[in-house]
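Read the structure below first, then the notes.
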Amino acid sequence: MSSTQNKFPSASREDWRQLVSAALKGADPQSLNRRDEDGLEIEALYDIVVPETVPNAACALARLPVNPAVHIAHGWDICQPVLATSAPQSLNQLILEGLQDGVGTIWLQGLEAGNLAVDLPVIMQDVVLPAAGIALDAGNDALVQIAAFSAFAKSGNHSLSALRFQANIDPFAPAADAALLDQGLDYLACADAADRPAGLFRAQGWHWHNRGMTAVQELAYNLASLTEILRHAAARNLDLADVASRLSASLALPADLFDGIAKCRALRHCWGGVIAALGLDPDRHRLFIQAAVSLRMFSLADREVNMLRTTTALLGGAIGGADQLSAHPHDCLTGGDAMGRRLARMQQHLLIEESGLSRSLDPAGGAGFIEARTNQLAVAAWDLFRQIEADGGALAAHHAGRFAAWAKTAAGQRHAKLAAGDLTLVGVNLQPDGNIRDDVLPHWISVRRPAAAIEAVRRAAAKTPPRILLLQHQATPVPQLAKLRALFAIGGMQPVHMQLDDASGKAVDTARPDLLVLLDCEFDQLDAALLSALSGLRHAGKAMTAARLLDAAAPLDLLADIVGVSLAEFYEGDA
Amino acid sequence: MSAFPDFTKIDLPSSKALAARVGDLPPTPANAEQIVMPSLAMCDPSQQVFAANTQPGFAPFLRGPYPSMYATRPWTIRQYAGFSTAAESNSFYRRNLAAGQMGLSVAFDLPTHRGYDSDNPLVADDVGLAGVAIDSIADMAMLFDQIPLDRMSVSMTMNGAVLPVLALFIVAAEEQGVRPDQLAGTIQNDVLKEFMVRNTYIYPPVPSMRIVSDIFAYCAAEMPKFNFISVSGYHMQEAGASADLELAYTLADGLAYIRAGVAAGLDVDDFAPRLSFFFWRQHEFLYGSRKVAGGAAVMVGTDATAFCAEKSEIIDAAHPLPDIRLVIGGAGCV
């Protein structure tokens, strides 16, 4: 203990409670706690973990990536998406652009199986296959794409098993055909050893996150999906150790970097539980985790803020020790450009080379909140996983549409929070800024983004700007004015502010507002001429006091109503 | 083979039960301070026990200077800015405040720093560059026009010409009807680092330190909400220092200011709580996060030892941008 440490009396949690209570004027410090989307309580302060002495050669499984030495020496695998919506030659240029910028693995999204066998030599031209990793996101085309890549690899005297090739079959992903489960296992059982890729199955938690799942649901889904694959492999008498070595999972990284860290650690912990129950060595079967930045947190408005979200999210995956990190460009939802793609790549290089985030394994280990949050998520995810198992497993849940229902319900609840002003999105409903220039690409239309509801309102307001009149009685400034301007700015609306006078009735008639708001008075204080002019608006519910507007349970609904947009589908989770 | 496990009956094993063999790990490179970060963060039990027995709001403030920290109030978003004329800067400030900035951080031009009027031919090329030009009470009043100083935290980077600038700030507030005891913010007033690296001093060291301690005395008596010094390591890093040099010199400077205050007859408990600090943030994320906490612990330790202070200094986490590293504490390797 240093000399500094000796000089101060210890302070207990109770001492802290008393100090906080005094600062809160007698309120209970527990009032600072909050709950996450899964209903788990998050405290304002956690006790620091005092670890037991551990042997130097061992540590908790949750702390380690699959290959710690490589992680320290070279960083994680930079796996960047390439959306295959262009012609083979253009797609080839996108792939080469990424590889030349230091990307380790190309994540091929939206690739169609149609002419792949013919197109692949063009798509992969000049790609040095043993060096470049390829990760598929092929959905129901997975087996066709595997076959095409296998043939292409053979044409270059390679074999899939020797390449960094991740087929990433997920029979229970959104819109997946569960037949993939048998097809994938058939492939594993029947294909030549040289054709069996190391990464055959991947539980695609990232996709379900983007459809709306909460953190606990996403973790439980990954566990249930991989367990179902193992169960069916066991039924076929396949070597479970071999199958387990070909499994991986994807996780979404939210802007909340602490949750990103804890999710990675919790998934490794839970997976260790699955592997141990199978009688295998958890240490030999650490789960390969692809942590990809959440797309549902992206916004079309003020879209450069997406870069900041992405950097913070990547921090979570980096500190959480993910094996592979992926970041979509900030402008990817509408197509994007070369600058966006390059910035997304450079974010990862910066975190590895300049921020030094791969040099120490599990640097957050031992921090009170991180350890507690990891354990909290792991326990909750395990409980939900057991519930899925009790209900028949992932296959039954998939057939019953249970995963889709969870995602839809969670998205609807998230929208309700947004509409009520309880969910903050920077540049969207906090400091709103920026125009919405383009439409979302069809490939991303299924991502349930909370920002989409506000974008719908802003689009409508931009197309037909609503006429909003704010009437003020007194001459001195009123605080409601700034609050109302801030509210209308969320919807991209610019109200006109007028002070009441004898000519207000005529002014209202002339202005023909779509909405009229009284800032500092009630309707019964208005003169007869003005009341007469307002009668139509009042009858239609388009005239109200500022207090009613500002106290509304869901102010976003009022904005949507002004421009004739229905948000019902967002509440239902259908949007 | 045995039956597939029934997971509905299997509890999640504890993390202790799921141990991993670490294996041989490559060494990590030493950083600029010749400190080698561990390849795998292994908690040092003695450090953890020490940290576990501290709480936010309690000396040595390893876990933060305030008991509830950001749970009740986030850091101040304060963008360092100032340029051209007082009117131009005022307009810029008001736009930023409307866009969500929560406090002001005033940059003055070099002539103002060195005590020259803007019409002095010696400084003609520097007027209004790298900061705002302030020559008079009229300029200062314009700088804060329509900015309510009783509700706005204002940081001012001013050292050499600290006396006239602080005086003008106080008078500008009075002209708004705001008393000195209502003013919140910070004035840098760190002249020692000007001699070391930044160079905008006016007087020699001894009289400069007299000015510093006079400001301590005035502010301690009249401006209880105002931090009257920001002991700055930031400029040392910008001038090339490594993090250990930055911390060491900043702490040494802080000690010199405390000595100056005590030598001027002030009670250390009257002014030490208003000392603030300003550190540079490197983008070595894990390393930077503990620099601030480490600085707090060492400074408070020194402070208590030398002067038997009952209270201690605060870390001003309010400078330019929110630093996510400041919110991560207690991690094993940092």
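Numbers restart at 1 for each chain; the letters A, B, ... are given by sequence-line order, proteins then strands. Computed from heavy atoms alone, side chains included, the values below leave out hydrogens, waters and symmetry copies. Everything numeric here is computed off the predicted structure, so don't read it as measured data.
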Practice task
Show the numbers, then the answer: is there a side chain to side chain contact (heavy atoms under 4.5 Å, CB included) between A:R17 and B:Q55?
Solution key: CA-CA 10 Å; A:R17 280 185 208 285; B:Q55 302 291 340; over 6 Å; no
Exercise: identify the closest heavy-atom pair between [X] and [Y]:
| X | Y | value |
| --- | --- | --- |
| B:F7 | A:A277 | CE2-CB, 3.6 Å |
| A:R286 | B:A20 | NH2-CB, 4.0 Å |
| B:S39 | A:I72 | CB-CD1, 3.5 Å |
| A:P68 | B:L25 | CB-CD2, 3.6 Å |
| B:P56 | A:L19 | O-CD2, 4.4 Å |

Handout entry: Salt-bridge criterion met for B:D6 and A:R386 (N-O under 4.0 Å)
Key =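 No, B:D6 and A:R386 are not salt-bridged.
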Around [X], counting heavy atoms of other residues, nucleotides and ligands shown, do more than 12 lie under 6.0 Å from its [atom1]?
| X | atom1 | answer |
| --- | --- | --- |
| B:Y249 | OH | no |
| A:R284 | CZ | no |
| A:K483 | NZ | no |
| A:R13 | CZ | yes |

Exercise for the section: Output the option from A:D281, A:V274, A:I370 having the highest count of non-hydrogen pairs under 4.5 Å with chain B. Expected result: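 Answer, by heavy-atom pair count under 4.5 Å with chain B: A:V274.
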Exercise for the section: Against chain B, work out which of A:R268, A:Q431, A:E389 has the most heavy-atom pairs shorter than 4.5 Å and name it. Expected result: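 Looking at each of A:R268, A:Q431, A:E389 in turn, A:Q431 comes out on top.
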Practice task
Counting only heavy atoms closer than 4.5 Å, note whether A:A482 contacts chain B via side chain, backbone, both or neither.
Solution key: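 Neither part; nothing is under 4.5 Å.
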Handout entry: Contacting region of A:V379 [heavy-atom separation from chain B under 4.5 Å]
Key =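 Answer is both: backbone and side chain atoms of A:V379 are under 4.5 Å from chain B.
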Handout entry: Reference residue B:P67; test side-chain contact (heavy atoms from CB on, under 4.5 Å); the match among A:V20, A:L24, A:D15
Key =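 Result for side-chain contact (heavy atoms from CB on, under 4.5 Å) with B:P67: A:V20.
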Close side-chain approach of [X] to [Y], heavy-atom, < 4.5 Å:
| X | Y | result |
| --- | --- | --- |
| B:L12 | A:F385 | no |
| B:R63 | A:L45 | yes |
| A:T227 | B:F4 | yes |

Exercise for the section: Among the options B:D24, B:T28, B:T72, B:L18, pick out the one with the most heavy-atom pairs lying under 4.5 Å from chain A. Expected result: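 Among B:D24, B:T28, B:T72, B:L18, the one with the most close pairs to chain A is B:L18.
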Practice task
Sort out for me which of B:A71, B:A98, B:P26, B:P13 touches chain A most, counting heavy-atom pairs under 4.5 Å.
Solution key: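 Going by pairs under 4.5 Å, I would pick B:P26.
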Handout entry: A:W382 (side chain) donor-acceptor with B:I10 (main chain) under 3.5 angstrom
Key =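 Yes: the side chain of A:W382 pairs with the backbone of B:I10.
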Practice task
Pick one of side chain, backbone, both or neither for B:A17, based on which atoms fall under 4.5 Å of a heavy atom in chain A.
Solution key: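 Looking at B:A17, nothing touches chain A.
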Handout entry: Verdict with supporting geometry, A:R63 and B:L40, side chain to side chain contact (heavy atoms under 4.5 Å, CB included)
Key = CA-CA 9 Å; A:R63 306 188 62 192; B:L40 173 65; 4.0 Å; yes
Exercise for the section: Carefully, step by step, assess B:T54 and A:F8 under the rule side chain to side chain contact (heavy atoms under 4.5 Å, CB included). Expected result: CA-CA 9 Å; B:T54 69; A:F8 301 96; over 6 Å; no
